[in-house]
Structure formats: structure tokens, C-alpha cells
Number of protein chains: 2
Amino acid sequence: MEAKPNIQDVAKLADVSIATVSRVINNQGGVRRVTEERILKAIEELGYIRSAAARTMKRKETNTIGVIVPDIKNPFFPLVMAGIEQKAREKEFFTILSSTNESPKVEEEIVKNFIERGVDGVIITTANENGDHLKLLHEQGIPVVAVDRSIKKFEVDTVLVDNKKGSYQAVQHLILQGHEKIAIICGPQSTTPGLERFLGYKKALEDYNIELDERYVIHGDFGEQSGIESTKKLFELDDQPTAIFSSNNLMTIGCMKALDELNWKLGSEVSFIGFDEVDIATFLNPKLSVVARPMNAIGEIAFQLLHERISFKGALPKREYLLSPELKIRESCRLASQPM
Amino acid sequence: MEAKPNIQDVAKLADVSIATVSRVINNQGGVRRVTEERILKAIEELGYIRSAAARTMKRKETNTIGVIVPDIKNPFFPLVMAGIEQKAREKEFFTILSSTNESPKVEEEIVKNFIERGVDGVIITTANENGDHLKLLHEQGIPVVAVDRSIKKFEVDTVLVDNKKGSYQAVQHLILQGHEKIAIICGPQSTTPGLERFLGYKKALEDYNIELDERYVIHGDFGEQSGIESTKKLFELDDQPTAIFSSNNLMTIGCMKALDELNWKLGSEVSFIGFDEVDIATFLNPKLSVVARPMNAIGEIAFQLLHERISFKGALPKREYLLSPELKIRESCRLASQPM
DNA sequence: GTGAAAGCGCTAACAG
DNA sequence: CTGTTAGCGCTTTCAC
């Protein structure tokens, strides 16, 4: 376990100067074939690997982007992440990922750490859309792309899914099936997705002249547990809804667990649509209808935008991608009039 | 968007030397109260953040660990990752994550990159248990902890789940229900989990004097698609098995999809147990029995082991944790004799 | 308590 | 083609 070899050691062994070694390890050309081979051999022999730290100090760039997500356990994010990584690897960029557990405080630490490490850019689904804690990034001129949740305080490129449209379509579908008592399990109204999905719900009801009934609007927190609790509240209502719209994947799962526990019959007694695809959707009976998002594409586009900013340096206008979600009709929405 | 401030700028503004600034940002004490406050104010004003690169060059440590997983889309890994991150944060360590897509080549790149960046240690579920490509880590004396899959070439701390025991128990349960025609959908036999889960299956059959029937041993690759295909092969057999054991979560999902498509009735026509918990388990009818692993604990222990190595530096013996999986009996295994 | 100065390992100008 | 050299921003002796 000898000391790590450095460029000096390589130069000495290959009997050249460190400048020549540097040329070789950076593929800059202009080195005689034999010399290069001698150096390569020395590198191999020593097991030399260049220090990113030293390199970064000179170059002021790391070829690394940071990705910040609120909850790595939510399957949505690994899928987005996969899209990001794939594109990043193509451009020879490296990705580092951290999860905030929805804590703005942790998020701030992570941001600071990313800056310390000199990331060239960051892709973030923030735990605090206000964005105060991102001031640092902005000050340092580090490009940021917001995914899934926008950032109020600063102008940053954004890739969102049309949440409002998605939930509108879902609720519209329910209405066209004859439902009027349609409940929504909301996400936090302080987040873009939480708010917009509620707005889509509201708009659909308005367009079809159905009065919004506050009892049918339950506030969850995007977690599985709150899906369970929300569903129970709905069940306990004197005037139960005939359909439920859940604002995200985890709450959908919670909702299904509650339905099962309460013996509230999916499809026949209560129709359902959820935002976001879930693994369980096609295994339930009836199969779940959902609003699906193109996770992989979201990640790819996010990296694309970020990469353009990193490369161009110059002023680019703020770009905003709005991807369309897809309503997947399966079996969990029955005609309201249908006999039970 | 001015240039990033450095320690010089801070020193100048606070009218002290850079040495004093350094003392303050590292909380080394020995600085007069007023001086310190002046410096802190300057830091605040400038929005100064110290460069990790420069720091690393001196200190030779990064307080960062690298985590390498084969497939971030497999829900097992985010869960393990969550355990790692949690413990790491407690010790003020930072975590960087990369996914190899099961490619040893990509894995090697990642390893090299991690070394370049000077990670203090790495936690890895390798795509190639042989471990040749980890030679570099070994040479540089960087501590490694293997998770879920061991590494042949070098002695490294390892945290595994007792795969053999888990699958033994699963198959035993099937046998005790009266099944004799028990099929297994294997994972790659080149991986520890793939092999051991097969060995547990084999052992159980032996112990109960059931001859192993090659037709019932199907080779999958741990992916969902191969779960589908394997199940179809089983279905097409003249002498269909009465029970199936699936070696991992994704293949379980594939298997369920195939069962549904083939209209092969789970529970009544064919019993089932899968290795690893899956979201869909409790939503299927009948509910799926599974062998569950403690993902969060795996991550926590892995970090623990790694951290000890990083701190102690001295020689520690190779440690090997073997966690017990838990057989969760639900409803997908019926008595073989039971009328259909 | 504080400052001056010596590098850490590398890249990039400049010289030859 | 190849070598010399000046930093990059920081930590850490060693003085004072």
C-alpha cells in the first residue's frame, strides 16, 4: 500500500518531463509515438490515476453535475435519474446524487457541498420551491435545471410535466363516466405538482358545472401513509364519493391498501384514477387507470438543458419544457350509473 | 456573476492573513473573538465557499464515500442507499452514487473516476464478482465494502443476506405444503445471489428426497422480461410444475404478468414464492408470499463497516455480516393436494 | 494570536 | 516534439 503515485513519479519512470506526461494523459497529441508508449507503460506499471482535485484547481471545471432529489425511495426519481445518467455518460459527464428527505435544511447543506466540490451544474427537484437556499448557486453562476418542481426566486430552466392537464383529463374522464362526487387526495399545496394537480381537478369540475365540495378535498403529503389516512376519511363521510383521484404514486398505493382494509370495492363501489404509474396498477383487479409521466425523457431533457448551459456559458433565455402526461385508461373507473 | 471569491479575498476584506481565515473556517480555535467575527462577516458578505479541490490536495481526504450499484431502477438499491446515506450524514460523510447498468466496463470507469476524486471508501454491489477491475482500489488502499454480492479477488468486508437459507426456507415451505413439482426461476449463476438461491433450492429438494428435475430449472437474468419468458417456458411444459420459486423481485413481477396473460391461476393452479419483497405482493389475490430482506439495515451496516475502516486505517480482519432474510407467508402457496 | 511561506499535483504558457 | 515554470486555493509548519 505505497503512497499514491503522482505525475512526477510517472515522469521520472518514463524519463520525461511532467508536461509531456500531462499531454499524454489528456490526449492532446504532439507527442512522439515511442515517448507516448513509454509513458503509458509507466502509468500502467505504477497504477497511476490523476488527481481530480489538482486538475480541478487548474481547469475550474469538474465535468460533474449534481442531482438533488427529495426522496430517493420514491421510484419516480431513480427513473428520472436513469435518464440523466444515460445522457450524461454520453457527454462524458459524471453524476453525483443526493437525497434531501424533503428537508430544505439538508438541501442547503447539499447545495453547499456541491459548490465546494465545484459541480458544473445541478439538476434539482427542490424541497423548497421558494428557492432562497439556492441563492448560492445563482451567485456563483452555476447553471441549474429544475425538474418536476419549479423555483420561484430565480430564472432557471425547467422541465415539468403538465400536471394540470393530467389531472384535468383524469377528472374529466371520471365525470364523463357519470361521476359527480369526485374526491381528490391532494399533495402539499406549497409544491407545484401538489397545487397544479389540484387546479386541474378544480378546473374540470368547473367546466362541467359540478360544484366543488370541500369534504371531498383531502390534504395529503405525497406519502403512502397519508394516502391511507385520506382514504379512510373519505370512507367515513356520510355521503361517500363515488370516485377518487390520487395526486401521486405513493398515495395511490396507500389508497389501495386502505380500500382493501375497508373492504371498499374498487371499481364497483368507488372508481379511481391516480397520478403517476405504479407497479401495482396492472396487478390489481380491476386494473388501475393512471396518468403516466415519461420519467426517462424528463431526465434526458433535464440533462440536455443543463449541458447546453454549461457549454454555452453565454446568455440563453430561460427555457421551460412542459411534457404531456398520458392518461392510461384501464379498468378502475366504472360508469357511475352502473349497478353495483 | 463575478469570479468566485477565494480565501485571499476574504483575508483582504477582513484585513488578516489567509492563515487566520483558514483557522476560522476549520474551527481550529486560537483566534481572537473580534478577529473571528470580522472574518465571518467577510465570508458572509462575499458568499465565500471553500474549494474542496484545494482542500483535498492538502488533506488527502474528502469525507466522501462512493456507492456503486448495478441498477438504480431496481427498488432494492434505493432502499439500501437510503440506509447508507442516513448513517453517512450522521458522521458528516458525503455520498456519491453511480449505477453501472450491470456493465463491468462502466463499473471500471466509475471506479477509476471515484479514485480520481479521492473517495475515502466505496460500497459496491459489483457487476463482476471476479473483481479484477477493483484491483485499482486495492492498490491504492481504499477501503471497500461489498454488498449483496461478494468479491472473489480480494479480501473485503462484506454484508450479505443469507440467500441460501432464504430460498431453502421458501422451498421447504412449498414442500411441506405437499408440492413436489417445484420450479425455480434462477438468476445468473455467476452472481452470489443467483447461485446461492439456487443452492438453497437444491438443498431443500435433497433434504426432502425430491429429485431435481432439470426441466423445472429455468435460467433468468434477474430482469422482468426474463421472468415473463421463464414463466411461459414453464407453462408450456407437458408436466407443469405446481409451484414456482422466483429468485428476485423483478422476475417475480414478470412472472405475475405472465401468469395473468397465460391465465394460469396463482394459488390454485400454481403456488408461488418470490425472493425479495415487492410492492405488488399484498395487492395480488392471493397475496404473494415472499422472502424479505432488511434493505435499510444492509445499508446502515455497510456504512458502519466502511467507516470503521476509514477511521482506523490499521489492520482489521475481514468482516462478514450475514443477515437473515424473513419468510413472509401470505396466500400464494396452497396445499398441493387441495382441490382446484 | 497572527503572519509568512512552503508545497499538495496538476495544466498551460512559453521557450527551445 | 519536449522541458521549464508559474500558479490554482488551500492547510500547515514555523516564526514572531
Legend entry - Rounded interatomic separation in angstrom, taking CD from A:Q8 and C1' from D:dG3: 12 Å
Inset, instruction - Measure the distance from CD1 on A:I49 to P on C:dG9 and round it to the nearest whole Å. - result: 15 Å
Inset, instruction - Go through the N and O atoms of the side chain of B:K58 and the base of C:dG7, and report whether any donor-acceptor pair is under 3.5 Å. - result: yes
Inset, instruction - Indicate whether OP1 or OP2 belonging to C:dA12 is found under 4.0 Å from a side-chain N or O atom of A:R59. - result: yes
Legend entry - Touch class at under 4.0 angstrom, heavy-atom based, for A:S51 against every strand present: sugar-phosphate
Inset, instruction - Mind checking A:R50 for me? I need base, sugar-phosphate or nothing, with any heavy atom below 4.0 Å counting as a touch. - result: sugar-phosphate
Inset, instruction - Return the value, rounded to whole Å, for the distance between atom CZ of B:R38 and atom P of C:dT2. - result: 8 Å
Legend entry - A:I7 CD1 - C:dA12 C1' separation (whole Å): 12 Å
Inset, instruction - Using a 4.0 Å heavy-atom cut-off across all strands, classify A:T56 as base, sugar-phosphate, or nothing. - result: nothing
Inset, instruction - Could you tell me the separation between the NZ atom of A:K12 and the P atom of D:dT2, rounded to a whole number of Å? - result: 20 Å
Legend entry - Residue whose closest nucleotide on DNA chain C lies nearer the 5' end, B:D15 versus A:A54: B:D15
Legend entry - Distance below 4.0 Å between A:T35 side-chain N/O and D:dT2 OP1 or OP2: yes
Legend entry - Donor-acceptor pair, side chain of B:N6 and main chain of B:Q8, under 3.5 angstrom: yes
Inset, instruction - Just call it for B:I39: base, sugar-phosphate, or nothing, with non-hydrogen atoms closer than 4.0 Å on any strand. - result: nothing
Inset, instruction - Select base, sugar-phosphate, or nothing to describe what A:Q28 touches, counting heavy atoms under 4.0 Å on all strands. - result: sugar-phosphate
Inset, instruction - Determine whether the side chains of A:T192 and A:S150 contain a donor N or O and an acceptor N or O closer than 3.5 Å. - result: yes
Inset, instruction - Answer yes or no: is there an ion pair linking B:E102 with B:R149, defined by an N-O contact shorter than 4.0 Å? - result: yes
Legend entry - Position toward the 5' end of DNA chain D (nearest nucleotide), A:R33 or A:A19: A:R33
Legend entry - The single option from B:K105, B:E107, B:E109 passing side chain to side chain contact (heavy atoms under 4.5 Å, CB included) against B:T100: B:E107
